[in-house]
Amino acid sequence: MAGVWILADNHDQILELLAAGRSLADDIGMGLHLLLWDREEKSGEYFSYGADEIILLPALADGQPLSVYIPLIAEEAAREKPEVFLIGGSNRCKELAARIATRLETGLCSECTAFHFNQDLKRLEMERMIYGGVGVQTVASTSKPQMATIPPRTFSPGSPLEGREGKTREITGALETPVRVLEKKAKSKEQVNIREAKVVVCVGRGLENEEDLQLARELAEVLGGEVACTRPIAEELHWLPEETYIGLSGQVIKPHLYIGIGVSGQIQHTVGIRDAKTVIAINRDENAAIFEVADYGIIGDLYEVVPQLTRAIKEKVKS
Amino acid sequence: MPRIITCFKWVVDQADIRVVPGTDELSLDRVGYRISEYDRNCLEEGARLKEQYGGEVVGLTVGIPGAKKSIKDALSRGPEKAYFVTDPSFSNLEPGQTAAIMAAAISSQIEYDLIICGEGSGDLYAQQVGPRLAEMLGIPCAVFVNKIEIKEKEAIVECKVEDGVEVLALPLPALITVLPDINTPRVPGLKDTLAAGKKPVEEITLQDLNKSFDPYLETLNVRATSMERTCEKMDAGSEGIAKMVAVLTKAGVIS
Amino acid sequence: MIFKLTEEQELIVANMREFAQKYVDPIAVEIDEESRHPAEVMEKLAEDGWMGMPYPAEYGGAGLDFLTYAMVIEELSRSCAATGFTVSCHTGLGAGPIFEYGTEEQKQKYLIPLCKGEKLGGFALTEPGAGTDVAAGSTTAVLDGDEYVLNGTKTFISNGPVGDIFIVVAITDKELSAPKGMSAFIVTKDNPGFRVGEIFKKMGIRSSQTSEIILKDCRVPKEDLLGKVGQGFRIAMQSLDNGRIGVASQALGIAQASLDESIKYSKERIQFNKPIARNQAIQWMIADMVTDIAAARFLTYNAAYLKDQGLPYSKEASMAKLFTAETAMRHSSKAVQIHGGYGYIKGFKVERLMRDAKITEIYEGTSEAQRMVIAANVLR
């Protein structure tokens with residue numbers, strides 16, 4: 001039956017993959033199939049966003065991890081032989097993807113940032129970053145399905161087509177795994193959403209103390225933005241929640257404006273702001289790499305520059 | 001008393017990678033190599049678990065003969081013995097191949113209760129080898145782990161997921177990939193380095209494995225990432241600040 | 001290159017690099033400004049086994065050859081020349097004479113804690129009136145029952161205020177011509193009559209602690225006589241040969257750091273719309289640096305190699321010390337020049353490197369004294 005298969009573990013990414021998968025399925029001239037285990041009645045919505053078929057998996061029992069689906073999905077794929085299989089880039093799904101690819105004895109392009117269907121060679125050519133973001137590697141799978149994991153927000157969701165329909169097919173099978181989920185600790189919801197923010201003020205190692213975050217917060221506030229950070233600030237110092245760090249392994253953002261204060265600009269970080277419309281850097285080291293990827297820069301001590309800038313913006317707003 | 005395999009990879013030091021001027025080609029002519037940063041956490045976790053629970057830790061790497069240089073370095077960071085699976089053809093392996101080679105080597109001669117891998121490698125960062133290896137060995141697996149405890153015949157691990165933390169119980173033998181924040185790798189002391197030279201290294205060749213390992217993924221090309229912007233620099237005085245406010249106004253973020 | 005590093009040497013040097021980056025670089029500016037002894041770094045060095053590098057494991061050492069030891073001192077000095085010197089002074093001058101001349105009992109009692117880094121060593125030779133002219137020393141040691149009684153003032157003693165065990169050279173026989181009348185002693189800070197005098201404020205290597213040591217009726221058990229009576233001058237000279245390789249390595253670290261900083265800065269510093277590294281004036285300075293450093297490295301490694309082979313190395317140690325010290329001084333000054341105004345500002349590493357370099361032309365035999373040794377070796 002072939003087709004393009006997609007799978008993701010959250011609603012937003014399903015919509016993103018439906019958009020990407022739909023245009024790819026059209027390019028190849030095949031159907032778009034969505035693997036789903038969520039029993040909530042969203043199927044209609046997914047059909048309107050482009051799915052031709054929903055392959056519904058059995059529900060998870062209590063304490064079963066998502067990886068329990070691996071044998072079932074792999075068997076189904078072996079039977080149905082999809083041409084392409086795109087999987088969302090969440091932590092759980094990355095594991096699923098690698099293990100399904102292993103079962104299917106096929107390649108997997110991890111963290112694929114762009115792809116293109118080569119009509120002449122009838123193959124999917126996929127791009128991904130390597131060497132910490134220094135390079136872009138283009139790969140193709142030597143066997144099928146051609147698989148990739150797609151980082152969140154790589155593609156924008158499409159627009160729904162009212163009245164578009166599809167069919168749902170349930171697959172069954174025993175779900176067995178020796179792994180038990182003992183507990184799920186939800187993240188404390190601090191309601192920071194740097195991905196949606198139009199303005200992001202990002203702090204780096206140039207910040208000396210945790211209290212100094214206030215400087216960034218004040219600047220973000222006058223600009224109606226959010227405060228984000230580099231990986232060490234979140235992971236080593238724990239000054240800010242982990243979902244606020246930007247970079248290759250963290251958030252990839254596309255704001256109107258990014259202001260980096262005390263950010264040195266290592267490539268692992270700056271790949272996360274590549275799509276920012278305007279990048280501003282404040283750093284006292286005129287040789288800091290951040291200036292190479294910035295549109296505007298102020299060379300100076302952030303402790304002097306940031307309060308001044310905040311004040312000047314406040315005055316401008318008042319006037 | 002778990003028997004632990006810690007896996008590591010010898011990767012290019014990305015700081016040494018240059019873009020060939022005027023092109024989008026990368027030059028790897030003068031790069032140094034090092035143990036992948038993420039694998040230092042893996043080696044450290046192996047050493048830490050051994051300190052806590054006893055047992056034994058070995059190291060495992062796959063690479064071209066030149067990757068032998070990684071072995072003493074790795075051995076100075078904890079393992080008592082290293083397995084070096086090597087062949088001149090083992091350059092630019094894709095993750096599916098690496099996992100298959102490791103699985104063959106492990107099945108052929110290494111006994112274990114736990115396999116630890118880094119979250120991803122410092123060069124490709126595909127994050128596949130761990131879960132692929134688990135699948136090939138048919139053992140349970142947990143990825144993106146930032147805490148490991150061993151209780152009886154189980155590993156209790158905390159996995160970082162998007163909406164929080166999932167605590168899993170994995171019956172041993174199992175495979176775990178660890179995040180950088182699971183620990184702070186130690187700097188090996190002089191004595192660790194000297195002792196490393198005396199630890200045994202088992203070399204496993206392609207002939208020993210008696211199998212071929214074909215890639216599932218073909219690299220079509222590698223280009224340099226382009227993201228340079230023309231930075232207009234302003235001074236830190238009031239003039240620079242005023243200019244910056246003008247920029248912000250123009251960007252439409254000040255209303 | 002003749003001195004191709006073995007895999008083990010490469011790894012040891014890389015580990016010291018990692019160590020220095022993690023523990024030394026972050027505090028190098030602060031300990032220089034405050035002239036503070038980095039006790040926390042010394043503790044870590046001891047814990048990781050770096051305090052008895054060239055001595056056998058049976059004495060708590062690491063059993064490295066002297067060449068590898070020299071490479072490690074270079075690498076540590078590249079981050080902080082003062083810390084590098086504290087270790088080389090301790091190892092070469094404090095522990096070295098005990099290893100070479102000590103009895104088994106002395107090694108058990110003093111060398112082991114030194115190698116383990118539980119105690120810090122030093123060497124007390126210089127006196128206010130006896131610098132290069134060692135034989136002009138006036139500190140005396142007189143046997144009184146089972147103890148020697150030492151009287152005199154030693155000055156410019158590295159590790160003086162923080163050291164535990166010192167090799168002290170004193171006159172035991174005034175009748176004999178000076179060199180033959182000198183003997184060496186192991187003196188600890190706990191011996192009665194031992195006192196730290198003035199602590200000096202220095203131009204460079206400021207975190208290395210330097211003071212007077214005042215011996216006033218200082219009683220030293222006669223078992224703590226090092227070597228034989230009358231061997232003091234020889235012990236001093238041989239220790240200095242050995243110490244000179246340490247200073248050469250330290251100077252090499254300073255020179256290398258000067259080069260590192262100059263390369264980095266000249267590629268990044270933009271003037272007239274181009275990196276200053278594109279200017280021939282800068283290129284020539286860097287070319288000279290690289291060349292001199294390579295030559296200095298050969299001389300230093302060669303001296304260490306000869307010592308490892310048990311061959312005479314006195315002249316070679318002097319040549320290495322002379323040339324690396326002058327290389328470090330000349331090129332740290334060039335490094336400051338390349339940095340322009342920034343190079344003259346505190347906190348920029350080259351400013352510290354230039355101050356640190358100067359001492360290497362002075363201590364453990366001035367450049368002039370090295371020339372005397374070298375000339376004496378070829379004109380005899």
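Order of the sequence lines fixes the chain letters, A, B, ..., with proteins taken first and strands second; residue numbering starts at 1 for each chain.
Summarising the local packing, NZ of C/Lys22 is surrounded by more than 12 heavy atoms from other residues, nucleotides or ligands at distances under 6.0 Å. Summarising the local packing, NZ of C/Lys116 is surrounded by 12 or fewer heavy atoms from other residues, nucleotides or ligands at distances under 6.0 Å. Dense packing is recorded around CD of B/Glu51, with more than 12 heavy atoms of other residues, nucleotides or ligands lying under 6.0 Å away. Residue-environment remark: NZ (B/Lys147) stays at or below the threshold of 12 foreign heavy atoms within 6.0 Å. Atom NZ of B/Lys160 has more than 12 neighbouring heavy atoms from other residues, nucleotides or ligands inside a 6.0 Å radius. Shown here is B/Glu111, whose CD atom has no more than 12 heavy atoms of other residues, nucleotides or ligands within 6.0 Å. Heavy atoms of other residues, nucleotides or ligands lying less than 6.0 angstrom from CG of C/Asp288 number more than 12. Heavy-atom contacts from other residues, nucleotides or ligands closer than 6.0 Å to NZ of B/Lys233 number more than 12.
When the candidates B/Arg77, B/Arg186, B/Arg34 are compared by the number of heavy-atom contacts under 4.5 Å with chain C, B/Arg77 comes out ahead. Among C/Met16, C/Glu8, C/Glu18, the residue with the largest count of heavy-atom pairs under 4.5 Å with chain B is C/Glu18.
For the atom pair CD1 of B/Ile71 and CG of C/Leu11, the computed distance is 12.0 Å after rounding to the nearest 0.5 Å.
In this structure the side chain of C/Ile12 reaches within 4.5 angstrom of the side chain of B/Leu190, judged on heavy atoms.
Residues from residues 40-55 of chain C that place a non-hydrogen atom less than 4.5 Å from a non-hydrogen atom of chain B comprise C/Asp48, C/Gly49, C/Trp50, C/Met53, given in numerical order. Against chain B, the residues from residues 58-75 of chain C that qualify, each with a non-hydrogen atom under 4.5 angstrom away, are C/Gly60, C/Gly61, C/Ala62, C/Leu64 in number order. Applying a 4.5 Å heavy-atom cutoff, none of the residues of residues 342-351 of chain C approach chain B.
A salt bridge is defined here as a Lys NZ or Arg NE, NH1 or NH2 lying under 4.0 Å from an Asp or Glu carboxylate O, and B/Lys68 with C/Glu7 fails to meet this definition.
Minimum interatomic distance between C/Phe19 and B/Val187 (heavy atoms only, all atoms of both residues): N-CG1, 3.8 Å. Shortest non-hydrogen contact noted between C/Asn15 and B/Ser76 is ND2-OG, 4.4 Å.
Scored by the side-chain contact (heavy atoms from CB on, under 4.5 Å) test, B/Ser89 finds B/Asp87, B/Leu206 as partners (sequence neighbours excluded).
Residue B/Thr184 touches chain C through its side chain alone, counting heavy-atom pairs closer than 4.5 Å.
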